[in-house]
Amino acid sequence: MTYKDSINVLLENVPEHILSYDPNHTVNKPTQASSDFLINKEQGDWAEEVVFNFINRGFTNQYRAVRYGKNDDKVAGEDGFNEFYYNYQEELRKIGKRPDLLIYESGAVANDDISRKSPADIDNIVKQAKAGFEVRSSSFLTEKYFEDIEKRVEQAEKVIKSSIQKIKQLASLQKITFNNTWQQFLNKDLPNDLRDIEIPAFRGEMTQSPELMEIKDELKKSINILKRRHTLSFTPKVEDIYAIARWVNIYNVPHYYVQVFFDKIYAISFKRILEIISDSNNQNKIFTIERNRKNQMKQTIHIDIHQGEIIGEINELPPIEGKMRKLARGRLLFYIGFGESTGMIYKEKFRDLING
């Protein structure tokens, strides 16, 4: 079975409610850029540059990264944006979504940037690629994030156990009449995973106790902390799944998502993404589907970052600089740019990834 055939089989197995998106829908063209948009764009460009540089510096005689993704500097509100946007949408319909970078064996290509070339001009070159990388950025330090989350979860679990112990003490002192549902709950052992705990409703005399209601508020707050998503994520948009599959069907090149944080670089194969979302039992455990501002409120799949592999590290935060952009009618936007970062790709991890 070819790579593209395996992708198509997996795509057919994804439950319809997970990929509830019409690939032929009409896209609303952006009309005006914002400072937040420009900052996110700069950060995305920085992440792509990090992966591009780290690969080309680390694998001078084995692999080469080539810029491929459609990334014009035009933004909404500038002259030429409408034409760029129309051409981009047309290309999406024809060949799907280009990954940001293509990875070749050393010596296979002469140019390190083919992003502005038409598909017809580079069709055969693209098909020779060993892998395609879709690069995303995330505004976190992973080690600090997981350290803080671990402390927060530990504290929430302590509060839950302590609160239930207080309720048991109140029950034993017979200060409050507990109904049968609560008596059964108090007689059971707590689940191993406290996220699965189901607290019965407070009724009757129980609602008249200020002490008990205070414990209830603590319980509710702590359980909500446990039920939140406690991991960083790979973030493919639902609409991009179809666009990537279209590209894969034309070029038959293995595709990967690379998530760049400010200290670590993670990667996961597109094939693994489809395997995860094909099983609806994984939803709200290994992955969620959300809408958030950074992704223009589009349906975005958040996949637990631990489903991928760490393939590199960044040694220090990039330097930043203030920037200004002048749009139509004299409108000014102020934002920041990101300077060059130092770090490395883990060579063995990288080889295992693209040869797996």
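All values derive from a computational prediction rather than experimental measurement. All residue numbers refer to positions in the sequence shown, counting from 1.
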Polar side-chain atom of [X] near backbone of [Y] as donor-acceptor pair, under 3.5 Å:
X: Tyr3; Y: Val248; result: no
X: Arg246; Y: Lys94; result: no
X: Ser106; Y: Thr60; result: yes
X: Lys349; Y: Gly312; result: no
X: Ser35; Y: Phe334; result: yes
X: Asp5; Y: Met1; result: no
X: Trp182; Y: Ala201; result: yes
X: Arg136; Y: Thr235; result: yes
X: Ser278; Y: Leu274; result: yes
X: Arg98; Y: Tyr68; result: yes

Would you say the side chains of [X] and [Y] form a donor-acceptor pair under 3.5 Å?
X: Asp112; Y: Asn56; answer: no
X: Ser138; Y: Gln259; answer: yes
X: Glu313; Y: Tyr346; answer: yes
X: Glu211; Y: Ser209; answer: no
X: Asn355; Y: Lys130; answer: yes
X: Asp36; Y: Ser34; answer: no
X: Glu316; Y: Ser341; answer: no

Side chain to side chain, [X] and [Y], heavy atoms closer than 4.5 Å:
X: Glu42; Y: Tyr335; result: yes
X: Pro119; Y: Glu91; result: yes
X: Ile164; Y: Phe185; result: yes
X: Ile225; Y: His230; result: yes
X: Ile125; Y: Asn111; result: no
X: Tyr88; Y: Lys97; result: yes
X: Lys323; Y: Glu321; result: yes
X: Glu105; Y: Gln128; result: no

Gap between atom [atom2] of [Y] and atom [atom1] of [X] - 0.5 Å precision:
X: Glu134; Y: Ile268; atom1: CD; atom2: CD1; result: 14.0 Å
X: Lys144; Y: Asp263; atom1: NZ; atom2: CG; result: 12.0 Å
X: Ser162; Y: Ile167; atom1: OG; atom2: CD1; result: 10.0 Å
X: Asn282; Y: Gln307; atom1: CG; atom2: CD; result: 7.5 Å

Problem set entry | Derivation of the side chain to side chain contact (heavy atoms under 4.5 Å, CB included) call for Gln299 and Lys237 | CA-CA 6 Å; Gln299 279 192 309; Lys237 297 186 185 74; over 6 Å; no
Problem set entry | Stepwise salt bridge (charged side-chain N to carboxylate O under 4.0 Å, His left out) test for Lys220 and Glu218 | CA-CA 6 Å; Lys220 185 177 180 181; Glu218 288 182 345; over 6 Å; no
Problem set entry | salt_bridge(Asp45, Lys41) N-O dist < 4.0 Å |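 Yes, this pair counts.
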Exercise. So, are Glu348 and Arg351 salt-bridged, with charged N and O less than 4.0 Å apart?
Worked result: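 Between Arg351 and Glu348 there is a salt bridge, with a charged N closer than 4.0 Å to a carboxylate O.
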For this session: Give the intermediate values and the outcome of side chain to side chain contact (heavy atoms under 4.5 Å, CB included) for residues Tyr104 and Val66.
Result: CA-CA 8 Å; Tyr104 290 89; Val66 173; 3.7 Å; yes
With clusters defined by side-chain heavy atoms of hydrophobic residues (ILVMFWY) lying less than 4.5 Å apart, directly or transitively, does [Y] cluster with [X]?
X: Val9; Y: Tyr242; answer: no
X: Ile39; Y: Val135; answer: yes
X: Ile310; Y: Ile305; answer: yes
X: Val153; Y: Tyr145; answer: yes

In terms of heavy-atom contacts, does [atom1] of [X] have more than 12 from other residues, nucleotides or ligands at under 6.0 Å?
X: Lys158; atom1: NZ; answer: no
X: Glu214; atom1: CD; answer: no
X: Lys271; atom1: NZ; answer: no
X: Glu275; atom1: CD; answer: yes
X: Gln62; atom1: CD; answer: yes
X: Lys70; atom1: NZ; answer: yes

Problem set entry | Chi angles and distances behind the side chain to side chain contact (heavy atoms under 4.5 Å, CB included) call for Asp100, Phe133 | CA-CA 6 Å; Asp100 298 304; Phe133 279 9; 6.0 Å; no
is_close_aromatic([X], [Y]), centroid dist under 6.0 Å:
X: Phe140; Y: Phe261; value: no
X: Tyr257; Y: Phe234; value: no
X: Tyr63; Y: Phe350; value: yes
X: Phe146; Y: His306; value: yes

Please report the closest heavy-atom contact between [X] and [Y], naming both atoms and the distance.
X: Gly132; Y: Leu102; answer: CA-CD2, 4.0 Å
X: Ser115; Y: Gly69; answer: CB-O, 3.3 Å
X: Tyr256; Y: Leu353; answer: OH-O, 3.2 Å
X: Lys285; Y: Asn281; answer: CD-O, 3.4 Å
X: Ile277; Y: Phe287; answer: CA-CE2, 3.8 Å

Exercise. Which class fits the ring pair Trp46 and Phe338: parallel under 30°, tilted 30 to 60°, perpendicular over 60°?
Worked result: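 Answer is tilted, since the angle falls between 30° and 60°.
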For this session: Check step by step if side chain to side chain contact (heavy atoms under 4.5 Å, CB included) holds for Thr142 and Phe262.
Result: CA-CA 8 Å; Thr142 61; Phe262 282 106; over 6 Å; no
